[in-house]
Amino acid sequence: MNGKGETFSEDIFDYIKVGEDEDDINAVEIPCEHDGTLLLSTLVAQFPGACGLKYRHPETKSIRGIRLNDGKLHPPTEAGWGKNLYICVFPKENKRKMDDVSSENSAAKTKRLEKKLTCSDLICLGLPWKSTEESIKQYFEQFGEVVMVQLKKDKNGSFKGFGFIRFATYASQMRALAQRHNIDGRWVDVRIPNSKEGVVPQMPCKVFVGRCTEDMTADDLREYFSSFGEVTDVFVPRPFRAFGFVTFLDPEVAQSLCGEDHVIKGASVSVSSAAPKIKNKSNQNWKDDSYGPNWDGNRSGPSGGPNNGGLMNCDKKR
DNA sequence: GTTGAGCGTT
């Protein structure tokens, strides 16, 4: 409310200065889109493995997270990105000690971390007949690097309408699985193939945030927790019940936060597993019912498509 | 050259 304009000029920059840490030397200027947002894919192109952005507020000296929604990073103010130096957020990197912030080191660690997370092939159902492997690759590259595209054809060479893709990073895979896709006017379902069912390890992406105060909105929770990784969903019960749920794109991020206390808006909140402590006996698998990743409702398509996408493959064949 | 739920070899 206090209008301290400071050094904010009216200049609108098409490029955003981004670094792996607060050192200007390694900073890279990255172009943003016409609507003012920065595509995560653009960021990842320069900083492989990055999952978000944060920056240090000039006055409060505290780190602020940048809102990320559907792969788009939104500027912190209406005025735009300004001259701030934005810092890449890598999965779980925040959980590291701050005494070792070598940029090359963190990048290497991130790469290693990504290899730990298993990527699987994804099946794409309902592809347009005119699809080519290049067109499909181009479409899915908005979610991250695509390392494989295979469109299945008949003996005659005629396209069968489905195919398989593979992303380079687990985060990209998650992002693609989180929604239905409209390719060339057709709704395309991207799922984990039946052959890989139960093979792909899944941990809860959702955490329980207790001791929330009344002035904590879903927006506040998202803004705060976005500095630890991409937040895909926030739920705050209304009327206020002193708790909330935050869903991360990366289950590793969610798990790393569990058991910790965090300070939001001056109040201490407790982060714990979103899974009820009393569950059915012998529940070691995180897949299936109950508290699977709730990535529904992100995009209610024009046709009001059923949420048969995502990982919720609940057909228990056998 | 047609078609529209499904599950991948080269």
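No hydrogens, no waters, no symmetry mates; every other heavy atom, side chains included, goes into these values. Chain letters run A, B, ... following the sequence lines, proteins first, then strands; residues in each count from 1.
- Nearer to the 5' terminus of DNA chain B, by closest-nucleotide assignment, is the contact made by W129(A) (compared with the other of W129(A) and F164(A)).
- The stretch residues 128-152 of chain A participates, sequence neighbours left out, in these salt bridge (charged side-chain N to carboxylate O under 4.0 Å, His left out) pairs: K130(A)-D184(A).
- Looking at R175(A) and E230(A), a side-chain N of the basic residue comes within less than 4.0 Å of a carboxylate O on the acidic one, giving a salt bridge.
- Annotation: proximity of residues 146-160 of chain A to DNA chain B (heavy atom, distance under 4.0 Å) is found for M148(A), Q150(A), K152(A), K160(A), numbered in ascending order.
- Identified under the salt bridge (charged side-chain N to carboxylate O under 4.0 Å, His left out) test for residues 211-223 of chain A, with sequence neighbours left out: R67(A)-D219(A), D220(A)-K265(A).
- The distance from atom CG of L68(A) to atom OG1 of T37(A), rounded to the nearest 0.5 Å, is 10.5 Å.
- Put simply, CZ on R166(A) is 16 Å from C1' on dT9(B), counting in whole angstrom units.
- Side-chain atoms of P76(A) and I66(A), non-hydrogen and from C-beta on, do get closer than 4.5 Å to each other.
- Per the geometry, CH2 belonging to W187(A) stands 17 Å off C1' belonging to dG4(B), to the nearest Å.
- With hydrogens and angles ignored, a donor-acceptor pair closer than 3.5 Å exists between the side chain of D121(A) and the base of dG8(B).
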From CA spacing to verdict: side chain to side chain contact (heavy atoms under 4.5 Å, CB included), V209(A), F225(A):
CA-CA 11 Å; V209(A) 183; F225(A) 285 106; 4.1 Å; yes

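- At whole-Å resolution of the value, CD1 in I192(A) and P in dC7(B) are 16 Å apart.
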